[in-house]
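Pasting in a structure now, in structure tokens, and then I'll have a few things to ask.
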Amino acid sequence: EPVPLNATKSKCMFNRHIKENWEYSMLNYAESMRCANASANAPRPRYVPPGAYRHAIVNASAPSSASPVLLFLGNPYEGGRHKCYGELSRRLVRVGAMLTYTYKAFGEEAFGQRLSQRATVCVNLHKKCGARAALEAVRVAQVMSFGDCLVLSERAHALDESSYEGIVRFADNVSDIAAAFARLVEDGGRWRSEAAAAAHRFRRTFAPTAIFRRAGVYRAFGLED
């Protein structure tokens, strides 16, 4: 899990034997850069987030107005996440929708089946309810790599939100997430174009080659002129 660090208070701690530090959160990357600028012995930071690792295999379908479902991937009761999960579930019930989660999908095939069977709209909640923490990039990459799925999320740190602009739809609070999902249900299938555009942007922006090129990995290993 990405760790929400405070660049004004956290101490720079590192192993002198480590030469590079690859971060998958822009918030953590900024903190690593602060440490690298403060000490010549600090590892060199690179922003290397999880990328798109396969073509889409899940066909998106609009949530049914009869039984709309919003899916959370992971354990909704870990840390303080249960507070937001419970509140979101109650708000969705009021509008005739349902929140569910999947925590036991092992392997790509099982994961793809769960995603296609349960929902094509997913929600991302931080472990600490309501905190503008680092974005859970691994969870987002898993969802976006498997299909044209729309991701609604709690607000993340501004640095991470900027990286995922046009890919993840951020909402100020749980109430706004519930309202956004209700509007998707009312819109029928019109939201699918947004999901497709988000998936296309993710696969282009977070293609492994694009990530490594931006991070200077190819250049560092003499693989790029």
Side-chain angles (χ1 to χ4, degrees), residues 1-7 10-60 73-74 105-112 115 122 124 126 132-151 153 156-170 194-225:
E1 292 283 346
V3 180
L5 300 174
N6 187 321
S10 58
K11 296 180 181 180
C12 293
M13 295 180 291
F14 47 84
N15 188 322
R16 62 186 179 86
H17 298 293
I18 298 176
K19 301 302 181 184
E20 293 203 2
N21 189 21
W22 289 17
E23 301 282 6
Y24 65 108
S25 159
M26 273 300 295
L27 173 58
N28 287 4
Y29 172 75
E31 171 65 6
S32 293
M33 278 297 298
R34 184 184 71 84
C35 292
N37 292 331
S39 174
N41 296 321
R44 173 172 180 165
R46 297 184 192 274
Y47 177 51
V48 187
Y53 60 92
R54 65 180 301 162
H55 293 294
I57 63 172
V58 176
N59 293 323
L73 300 173
F106 304 105
E108 291 185 354
E109 184 176 353
F111 182 82
L115 194 60
C122 296
N124 179 63
H126 302 308
R132 288 203 174 188
L135 182 66
E136 289 75 4
V138 172
R139 184 174 292 117
V140 172
Q142 287 177 321
V143 172
M144 301 303 293
S145 292
F146 268 84
D148 296 349
C149 302
L150 195 60
V151 178
S153 175
H157 191 277
L159 292 172
D160 287 323
E161 287 193 11
S162 177
S163 297
Y164 287 83
E165 183 179 358
I167 297 172
V168 176
R169 187 194 287 192
F170 295 97
E194 179 184 347
H200 176 74
R201 181 163 183 164
F202 173 78
R203 290 192 288 267
R204 183 183 71 248
T205 305
F206 291 92
T209 52
I211 292 172
F212 274 25
R213 186 166 290 109
R214 286 194 301 268
V217 174
Y218 293 134
R219 187 167 55 253
F221 287 89
L223 302 175
E224 184 178 74
D225 294 333

- Taking the side chain as C-beta and beyond, is there a heavy-atom pair between P43 and K19 under 4.5 Å?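 A side-chain contact is absent here, since even the closest heavy-atom pair is not under 4.5 Å.
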- Message: V168 and side-chain contact (heavy atoms from CB on, under 4.5 Å): which single residue from L150, V151, N124 fits?
- Response: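 Passing option: V151.
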- Item | With sequence neighbours excluded, residues passing ring-ring contact (aromatic ring centres under 6.0 Å, His included) with F206 | Y164, F202
- Message: Could you work out, with side chain to side chain donor-acceptor pair (under 3.5 Å) as the rule, every residue matching E20, not counting sequence neighbours?
- Response: W22, R46
- Item | Gap between atom CG of N28 and atom CD of E23 - 0.5 Å precision | 4.5 Å
- Item | C149 to A195 - nearest heavy-atom pair and separation |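 Shortest heavy-atom separation between C149 and A195 comes out as C-CB, 4.2 Å.
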- Task: Find the distance between CG (L73) and CZ (R139) and round it off to the nearest 0.5 Å.
- Result: 7.0 Å
- Message: Please enumerate all residues that pass side chain to side chain contact (heavy atoms under 4.5 Å, CB included) together with S162, with sequence neighbours excluded.
- Response: none
- Query: Which is it for V48 and Y24 under the side-chain contact (heavy atoms from CB on, under 4.5 Å) test, yes or no, and what are the steps along the way?
  - Reply: CA-CA 5 Å; V48 187; Y24 65 108; over 6 Å; no
- Can you name the nearest heavy-atom pair linking G51 to A141, along with the distance? O-CB, 4.1 Å
- Query: Looking at R169 and E194, does any basic side-chain N land under 4.0 Å from a carboxylate oxygen?
  - Reply: yes
- Item | T209 side, atom OG1; R214 side, atom CZ - distance, nearest 0.5 Å | 9.0 Å
- Message: Under the rule for side chain to side chain contact (heavy atoms under 4.5 Å, CB included), what residues qualify as partners of N41, not counting sequence neighbours?
- Response: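 Result, side chain to side chain contact (heavy atoms under 4.5 Å, CB included) vs N41: F14, S39.
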- D160 side chain vs A156 backbone, donor-acceptor pair below 3.5 Å: no
- What distance separates L135 CG from H157 NE2, expressed to the nearest 0.5 Å?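 It is 12.0 Å, given to the nearest 0.5 Å.
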- Message: Tell me the closest heavy-atom pair linking S145 and A52, and the distance in Å.
- Response: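 The pair with the smallest heavy-atom distance is OG-CA, 3.4 Å.
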- Item | Atom pair NE2/CD1 of H200 and I167 - distance to nearest 0.5 Å |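 Result: 10.5 Å between the selected atoms.
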- Item | Under the side chain to side chain donor-acceptor pair (under 3.5 Å) test, residues paired with S163 that sit two or more places apart |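 Checked S163 against side chain to side chain donor-acceptor pair (under 3.5 Å); zero matches.
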- Between OG1 on residue T205 and CD on residue E165, distance to nearest 0.5 Å: 10.5 Å
- Item | Counterpart residues, side chain to side chain donor-acceptor pair (under 3.5 Å), relative to R44 (two or more places apart) |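 Expected list: none.
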